[in-house]
Amino acid sequence: MRDGVAEDFQTGALVLLCVAAWAIPGAGHLWLGRRAKGLVFLIALPLMFAIGLALSGRLFPFDFSQPLVVLQALADLGIGVPYFIANAIGAGAGNVRAVTYEYGNAYIIVAGLMNLLVVIDVYDVALGRK
Amino acid sequence: MTSHLLLLSGFAFFVSLVFAVLAKDHARDQLRFGGLLFAGFVGAAVVIGWLMFPFPI
């Protein structure tokens, strides 16, 4: 019973760690004491996301009639809190006629996907695999 | 900021930085791996760009 409680707590902490790592890029590594890596992710990923927005990239909607757009929306969401901030301030409308539109999308999508890789790395580190 | 080379270099920089920091633990290894990735991204883009030059779409 006691072990079960401890196991539940560990699982809960692990989930919390992964959610924090997703919500704030680099937070997971900072939590685990890997400060240098955490700071790099904390600066690089939101900066890449912001550059993507500045390049007239679009935050894709969850339009389930278009499966590929949903995948793009999921990738956008991968960056965590910056996604919600950008939505709240009305950024990410996208301008399909801008010459940098596709680059903007690439920056935004890849920043989100790389943050998901960072979350997986945090999970591995927390389990002692790395 | 509409230079194709500048934008692809920036993209390559960010991706190389994050991958290098994820994959390696020591600064020297990160620099080496990141530099290799960056050179690979930019080099491949330039080479493929020139290969496509005779075939305009």
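As the structure is a computational prediction, the values presented were derived from the model and not from experiment. By convention in this document, chain letters (A, B, ...) are assigned in the order of the sequence lines, proteins followed by strands, and residues within each chain are numbered from 1.
- Between A/Tyr107 and B/Phe11, a ring centre-to-centre spacing shorter than 6.0 Å is recorded.
- B/Val18 pairs in a side-chain contact (heavy atoms from CB on, under 4.5 Å) with only one of the listed residues (A/Val110, A/Leu45, A/Leu117), which is A/Leu45.
- Both the backbone and the side chain of A/Ala106 come within less than 4.5 Å of a heavy atom of chain B.
- In A/Tyr123, the OH atom is not crowded: 12 or fewer heavy atoms of neighbouring residues, nucleotides or ligands sit closer than 6.0 Å.
- Taken to the nearest 0.5 Å, the CG atom of B/Leu17 stands 10.0 Å off from the CE atom of A/Met48.
- Salt bridge status for A/Lys37 with B/Asp25: present, with a side-chain N to carboxylate O gap under 4.0 Å.
- Hydrophobic clustering of Ile, Leu, Val, Met, Phe, Trp and Tyr side chains at less than 4.5 Å, counting indirect connections, unites A/Leu77 with A/Val119.
- Under the 4.5 Å side-chain heavy-atom criterion for ILVMFWY residues, a single connected hydrophobic cluster contains both A/Phe84 and A/Leu59.
- Atom CD1 of A/Ile24 is surrounded by 12 or fewer heavy atoms from other residues, nucleotides or ligands within 6.0 Å.
- For B/Phe13, no part sits under 4.5 Å from any heavy atom of chain A, backbone or side chain.
- Residues A/Ile51 and B/Val15 share a single hydrophobic cluster, defined by chaining ILVMFWY side chains whose heavy atoms lie under 4.5 Å apart.
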